[in-house]
Peer 1: 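Quick one: the structure is below, and I'll ask about it shortly.
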2 protein chains.
Amino acid sequence: MIENVPYDALQVGQTAEYSKQVTEQDVLLFAVVSGDANPVHLDAAYAATTPFGERIAHGMLTGSLVSAALAMKLPGPGTIYVGQSLRFRRAVKLGDTLTVQLTVSEKRDDKKLVILDCKVVNQKGEAVATGTAEVIAPSEKLALKATALPTIRIG
Amino acid sequence: MIENVPYDALQVGQTAEYSKQVTEQDVLLFAVVSGDANPVHLDAAYAATTPFGERIAHGMLTGSLVSAALAMKLPGPGTIYVGQSLRFRRAVKLGDTLTVQLTVSEKRDDKKLVILDCKVVNQKGEAVATGTAEVIAPSEKLALKATALPTIRIG
């Protein structure tokens with residue numbers, strides 16, 4: 001089940017976290033979805049010649065975890081995504097576990113607009129991205145069954 | 001081959017486009033990569049009960065196309081992604097073809113920083129997202145073989 005926090009129940013200072021490991025499969029699938037086939041993400045031999053020294057995840061894959069945190073956790077289902085800013089601060093390596101930390105920083109009653117600070121850290125606690133999200137929070141309480149995700153086979 | 005435009009060759013006003021259809025597969029894969037299993041993206045019966053009336057793509061899937069445009073087209077390979085802002089202006093339906101339009105708006109010589117206006121339109125020319133990207137452009141010309149993307153089987 002995924003449950004939301006409707007606008008009236010949201011409090012400035014309220015926090016939520018969402019964690020996910022960035023796997024080899026995720027990087028391949030993100031390349032397919034986006035069409036970004038840069039070898040720095042996909043080709044270990046090429047990536048070894050870059051300043052990163054190894055394959056790194058696409059920066060916006062981190063952004064996709066921020067959007068999932070908003071959609072699944074805070075405010076959760078029924079949220080309308082209005083805007084997002086992100087600063088990419090550190091490369092994400094394959095196998096890193098990222099945690100998105102959301103904090104409600106502002107509520108604007110006229111449009112049920114909510115501003116959230118977003119920070120994404122890796123398993124060492126290092127910030128890989130920071131930013132601000134702007135959403136319209138749901139008016140009503142919702143508790144939905146998350147759709148079962150399909151099995152993926154690659155190659 | 002994917003080719004870049006190094007910092008010195010970039011001109012304010014220079015443009016590039018990148019188009020991709022948003023398929024059923026893309027939405028499923030984006031759900032797997034991000035972990036966002038909201039039924040508005042995945043469950044046609046539930047989506048029919050929402051104000052959208054049908055399944056919509058995740059907003060940040062559009063963001064992933066913006067990042068691909070920067071990585072594949074302008075400035076292209078070797079670009080370091082520093083920051084991105086996005087405003088989500090219209091829902092993206094499954095089957096929509098999105099075109100990312102990039103325009104170089106500013107160059108800052110001290111850090112080889114480049115600012116690009118980003119606009120994403122659907123097949124009707126309607127803006128689905130707008131924003132600004134900040135990147136460090138590559139110093140050197142690069143022409144790389146894009147890595148072949150794997151075949152994906154779902155379910």
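Convention: sequence-line order gives letters A, B, ...; per-chain numbering from 1.
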Peer 1: Do A/L149 and B/Y46 sit in one hydrophobic cluster, given that two such residues count as connected whenever their side-chain heavy atoms are within less than 4.5 Å of each other, even indirectly?
Peer 2: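 Each belongs to a different hydrophobic cluster.
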Peer 1: Could you walk me through whether B/H58 and A/Y81 satisfy the side-chain contact (heavy atoms from CB on, under 4.5 Å) test, starting with their C-alpha distance in whole Å, then the side-chain angles of each, then the deciding distance to 0.1 Å, before giving a yes or no?
Peer 2: CA-CA 9 Å; B/H58 305 75; A/Y81 211 175; over 6 Å; no
Peer 1: Would you name the heavy atoms of A/V32 and B/Q25 that are closest together and state the gap between them?
Peer 2: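 Where A/V32 meets B/Q25 most closely, the heavy atoms are CG1-NE2, 3.9 Å.
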Peer 1: Measure A/I2 against the heavy atoms of chain B and call it side chain, backbone, both or neither at under 4.5 Å.
Peer 2: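 Interface part for A/I2: side chain.
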Peer 1: According to a 4.5 Å side-chain heavy-atom criterion applied to Ile, Leu, Val, Met, Phe, Trp and Tyr, with indirect links allowed, do A/V121 and A/L102 form part of one hydrophobic cluster?
Peer 2: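 Hydrophobic grouping puts A/V121 apart from A/L102.
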Peer 1: Counting distance only, does the side-chain N/O of A/K145 pair as donor-acceptor with the main-chain N or O of B/P39 below 3.5 Å?
Peer 2: no
Peer 1: Find out if a path of hydrophobic residues (ILVMFWY) with successive side-chain heavy-atom gaps under 4.5 Å connects B/M72 to B/Y7.
Peer 2: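 Looking at the clustering, B/Y7 is in a separate group from B/M72.
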Peer 1: For atom NZ of A/K73, decide whether the heavy atoms of other residues, nucleotides or ligands shown that lie under 6.0 angstrom number more than 12.
Peer 2: no
Peer 1: Quick check for you: to the nearest 0.5 Å, what is the distance between B/H41 atom NE2 and A/T147 atom OG1?
Peer 2: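 Spacing of NE2 (B/H41) from OG1 (A/T147) equals 9.5 Å.
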Peer 1: Quick one: do B/V40 and A/V135 end up in the same hydrophobic cluster if we chain Ile, Leu, Val, Met, Phe, Trp and Tyr together by side-chain heavy atoms under 4.5 Å apart?
Peer 2: no
Peer 1: Could you check whether any side-chain heavy atom of B/V33 comes within less than 4.5 Å of a side-chain heavy atom of A/L65, counting everything from C-beta outward?
Peer 2: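 They are not in side-chain contact.
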Peer 1: Heavy-atom cut-off 4.5 Å, strictly under: side chain, backbone, both or neither for B/L98 against chain A?
Peer 2: neither
Peer 1: Looking only at heavy atoms, what is the nearest atom pair of A/G155 and B/P150, with distance?
Peer 2: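 Smallest heavy-atom distance, with atoms named: N-CB, 4.4 Å.
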Peer 1: Picking from B/I80, B/L42, B/T132, which has the most non-hydrogen pairs under 4.5 angstrom with chain A?
Peer 2: B/L42
Peer 1: Non-hydrogen atoms of chain B under 4.5 Å away: do they reach the side chain of A/I152, the backbone, both or neither?
Peer 2: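 Both parts, backbone and side chain.
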Peer 1: Rounded to the nearest 0.5 Å, what's the gap from OG on A/S67 to CZ on B/F88? Could you check?
Peer 2: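 So the OG of A/S67 and the CZ of B/F88 are separated by 7.5 Å.
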Peer 1: Test of understanding: clusters of I, L, V, M, F, W, Y form through side-chain heavy atoms closer than 4.5 Å, transitively. Do A/M60 and B/I136 belong to the same one?
Peer 2: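 Different clusters.
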Peer 1: Identify which of A/G35, A/G83, A/A37 forms the greatest number of heavy-atom pairs closer than 4.5 Å to chain B.
Peer 2: A/A37
Peer 1: In sequence, state the C-alpha distance, the side-chain angles, and the governing distance for A/D43 and B/L144, and then conclude on side-chain contact (heavy atoms from CB on, under 4.5 Å).
Peer 2: CA-CA 11 Å; A/D43 180 334; B/L144 298 175; over 6 Å; no
Peer 1: Check this for me: A/K119, atom NZ, are more than 12 non-hydrogen atoms of other residues, nucleotides or ligands nearer than 6.0 Å?
Peer 2: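 Result for NZ/A/K119: open.
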Peer 1: Under a 4.5 Å cutoff for heavy-atom pairs, which residue among A/L61, A/T23, A/V82 has the most contacts with chain B?
Peer 2: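 Winner by heavy-atom pair count: A/V82.
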Peer 1: Begin with the C-alpha distance, continue with both residues' side-chain angles, and end with the deciding distance and a verdict on side-chain contact (heavy atoms from CB on, under 4.5 Å) for A/Q84 and B/R87.
Peer 2: CA-CA 7 Å; A/Q84 179 73 53; B/R87 306 287 296 174; over 6 Å; no
Peer 1: Specify which of B/I154, B/L29, B/N38 makes the most heavy-atom pairs with chain A at under 4.5 Å.
Peer 2: B/N38
Peer 1: For a quick test of reading the model, state the closest non-hydrogen atom pair linking A/D36 to B/Y18 and the distance between them.
Peer 2: N-OH, 4.4 Å
Peer 1: Given a strict heavy-atom distance threshold of 4.5 Å, which part of A/I56 is in contact with chain B: side chain, backbone, both, or neither?
Peer 2: neither
Peer 1: Which value, rounded to the nearest 0.5 Å, describes the distance between B/E134 atom CD and A/L86 atom CG?
Peer 2: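 Here the rounded value is 12.5 Å.
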Peer 1: Closest approach of B/S34 and A/S64, non-hydrogen atoms and distance?
Peer 2: CB-O, 3.5 Å
